[in-house]
Amino acid sequence: MLKIYNTLSRSKEIFKPRVKGKVGLYVCGMTVYDYCHIGHARVMVVFDTVARYFRYCGYDLTYVRNITDIDDKIINRANENGEDFLPLTERFIDAMHEDERALSVLPPDQEPKATQFMPDIINMIETLVKKELAYIGTNGDIFYSVSRFAGYGKLSGKNIEYLQAGERVDVDTAKKDPMDFVLWKMAKPDEPFWQSPWGNGRPGWHIECSAMSTCCLGNHFDIHGGGMDLQFPHHENEIAQSEGATGEKFVNLWMHNGFVRIDEEKMSKSLGNFFTLREVLKKYKSAEVIRYFILTSHYRSPLNYSEQQLDDAGSALTRLYTALRDVEIKNVPIDKVYEQRFKEAMDDDFNTPIALSVLFDCVRELNTAKKDKKQDKIDSLATTLHQLAGIIGILQRNPKKALEAGFRWLKVTSHLEQEYNLDTDEKIQQHIDKRLAAKKNKNWASADKIRDELKEQGIVLEDVADGTIWRRE
RNA sequence: GGCUGCGUAGCAAAGUGGUUAUGCAGUGGCCUGCAAAGCCAUCUACGCCGGUUCGACUCCGGCCGCAGCCUCCA
């Protein structure tokens with residue numbers, strides 16, 4: 001029985017799809033004017049894990065994650081670069097897809113872009129104007145009249161009375177009320193625009209998500225997600241727009257993931273304290289450490305970024321992959337006890353830290369089974385581990401290759417570098433063979449020297465029954 | 001000012017009204033030519049002060065500290 005925390009009710013609720021066996025999930029994606037940072041990676045990984053789990057549970061899921069490809073920041077960045085906004089957004093959409101693949105994030109079923117939904121956006125605004133929920137401001141922009149929508153604030157728990165509009169930002173004098181927000185912005189000279197009944201312009205940020213989500217999933221759908229910071233005003237405004245326009249309930253369940261922090265402070269573009277995924281991958285060989293790191297905390301908790309934590313993630317993955325290194329994944333039934341424990345963890349609002357702890361318990365039992373040479377048990381547990389880990393998108397690489405590659409780019413500054421010349425696996429193997437020969441002659445001093453010197457260069461050797469295997473630290 | 005949420009061992013991170021979370025790190029042992037990996041054992045906990053209770057890290061109240069939203073942000 002799957003329970004999910006609903007921001008709307010501030011409690012965990014038993015998940016009931018609108019239509020039996022089907023789920024519609026919409027997640028607010030990226031505004032594409034820069035590379036993805038670790039905060040974006042978290043949204044992608046969290047909702048990818050949610051999507052994978054729904055499918056594992058047998059739901060027919062439609063997962064929609066939008067792309068905001070027109071807004072003020074995109075226009076500003078394009079101007080700074082002296083380019084048109086289109087090549088800019090195309091470039092960063094490609095980059096985002098690369099990052100997504102690196103994180104083992106499966107593509108959503110639909111990835112609507114704001115610029116592709118102009119007719120629907122304009123239709124929705126027209127409806128809102130017709131219903132007198134929106135009006136034309138003194139500058140020609142169209143605004144949503146917040147006071148005309150009963151229940152504004154129900155998602156974020158805000159009371160309009162106490163909101164201090166204009167405290168940090170000057171109130172736009174074109175509005176009737178400081179709380180009102182823009183639906184359609186008139187284009188200034190040299191800005192990209194689309195034609196509308198109110199003149200050439202572009203949509204406000206919030207309306208695109210109302211239009212795209214209802215077009216892709218219907219007026220009323222199951223789950224809407226995104227980062228905590230979107231709760232207010234973005235998602236609050238989406239509710240006002242969608243419910244105002246359609247007259248139907250918009251979304252049953254709202255999910256919001258916590259922030260990534262740096263030194264106990266929110267990572268954000270505006271604070272400038274962010275690391276892009278690309279930067280982090282200059283230190284770590286595989287984005288799997290980042291995915292693992294994200295899964296070590298519950299999706300609603302804050303997640304403090306540090307290299308120490310990514311190193312620990314690498315160590316943990318080493319243990320997991322090591323357990324699978326010398327076994328075969330067979331087509332055998334998986335262990336029901338571990339599957340049940342794993343399911344219970346995930347059913348409890350996607351508790352991935354517990355789910356991971358189940359995997360480690362499975363690893364221990366698997367390692368013991370190996371020691372005791374219980375082949376049936378080994379087959380069953382190895383398959384269980386591999387399959388359950390797959391549900392949360394980890395541990396799907398070839399274990400031997402993953403371990404030989406290692407998880408971190410080590411800076412080796414050893415004087416041995418020239419002498420050993422370890423730039424290919426074959427060359428590493430030559431040194432190992434040399435050591436095996438020394439071992440055969442019981443020339444321990446020589447064998448140990450090779451092992452120590454390889455270790456100095458980040459290569460760890462393990463002598464096993466039928467030879468020597470290696471991995472990178 | 002209004003509204004959220006958090007405070008767990010060396011680090012990270014779950015959870016529970018009484019019984020081992022888990023990972024990394026540490027210590028002791030087994031294994032090993034010696035290691036590594038693995039297995040076994042083990043040390044460090046629940047911000048502070050009250051209250052409820054046979055019993056609270058877990059519930060209630062107060063206090064302190066931290067983060068977030070009320071502006072664009074995942």
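Below, read A as the first sequence line, B as the second, and so on, with proteins coming before strands; counting in each chain starts at 1.
Nucleotides B/C64 and B/C49, compared at atom P, are 15 Å apart to the nearest Å.
One finds a side-chain N or O of A/R364 lying less than 4.0 angstrom from the OP1 or OP2 phosphate oxygen of B/G23. Neither OP1 nor OP2 of B/G68 sits under 4.0 Å from any side-chain N or O of A/R261. Between B/A74 and A/K269, a contact under 4.0 Å exists linking OP1 or OP2 to a side-chain N or O. Between A/N351 and the phosphate of B/G15, there is a side-chain N or O to OP1/OP2 separation shorter than 4.0 Å. Distances shorter than 4.0 Å separate none of the side-chain N or O atoms of A/K442 from OP1 or OP2 on B/C34. Taking 4.0 angstrom as the limit, A/S306 places none of its side-chain polar atoms (N or O) nearer than this to OP1 or OP2 of B/A12. A/N367 has a side-chain polar atom (N or O) that falls below the 4.0 Å cut-off from OP1 or OP2 of B/C39.
No N or O donor and acceptor, one from the side chain of A/K371 and one from the base of B/C31, sit under 3.5 Å apart. The base of B/C72 lies close enough to the side chain of A/K73 for a donor and an acceptor atom to sit less than 3.5 Å apart. Taking only distance into account, the side chain of A/D448 meets the base of B/G33 through a donor-acceptor pair shorter than 3.5 Å. Between the side chain of A/R451 and the base of B/A35, at least one donor-acceptor pair of N or O atoms lies under 3.5 Å.
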Fill in: A/N443/A/N441 under side chain to side chain donor-acceptor pair (under 3.5 Å): CA gap, chis, key distance, verdict
CA-CA 5 Å; A/N443 187 350; A/N441 296 325; over 6 Å; no

Item to complete: Under the side chain to side chain donor-acceptor pair (under 3.5 Å) rule, what do A/T7 and A/R300 come out as? Steps first, then yes or no, please.
Response: CA-CA 11 Å; A/T7 306; A/R300 285 189 282 115; over 6 Å; no

Worksheet item: Is there a salt bridge (charged side-chain N to carboxylate O under 4.0 Å, His left out) between A/E191 and A/R202 once you walk through the steps?
Response: CA-CA 9 Å; A/E191 280 185 349; A/R202 64 179 182 276; 2.6 Å; yes

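Looking at heavy-atom distances under 4.0 Å, A/G226 makes contact with sugar-phosphate atoms alone, never a base. Contact annotation for A/M44: no contact, since no heavy-atom pair falls under 4.0 Å across all strands. Among the protein residues, A/F259 comes within range of the nucleic acid bases, having at least one heavy atom under 4.0 Å from a base atom. Contacts of A/K370 with the nucleic acid, taken as non-hydrogen atoms under 4.0 Å apart, are absent. No contact: A/G153 has no heavy atom under 4.0 Å from any strand. Here A/V358 lies out of heavy-atom contact (under 4.0 Å) with every strand.
For the pair A/M228 CE and B/G68 P, the interatomic distance rounds to 11 Å; values are reported in whole Å. In this entry the distance linking CG of A/L454 with P of B/C34 reads 21 Å, nearest Å.
Closest approach to the A/F360 side chain among B/A74, B/A35, B/U22 is made by B/U22 (side chain taken as heavy atoms from C-beta onward).
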Practice prompt. Report the secondary structure of RNA chain B in dot-bracket form, marking unpaired bases with a dot and bases paired to a different strand with |, and treating Watson-Crick or G-U pairs with both distances under 3.5 Å as paired.
Written response: (((((((..(((.....[...))).(((((.......)))))....(((((..]....))))))))))))....

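With hydrogens and angles left out, the side-chain atoms of A/Y53 and A/D347 include a donor and acceptor closer than 3.5 Å. Side-chain contact of A/R42 with A/S297: a donor-acceptor pair under 3.5 Å is present, judged by distance alone. Checked by atom type, the side-chain pair A/T49/A/R291 shows a donor-acceptor distance below 3.5 Å. For the residue pair A/H97 and A/E111, a side-chain donor N or O sits within less than 3.5 Å of a side-chain acceptor on the partner.
Seen from the ring of A/Y33, A/K269 counts as a face-on cation partner, given the 6.0 Å and 45° thresholds.
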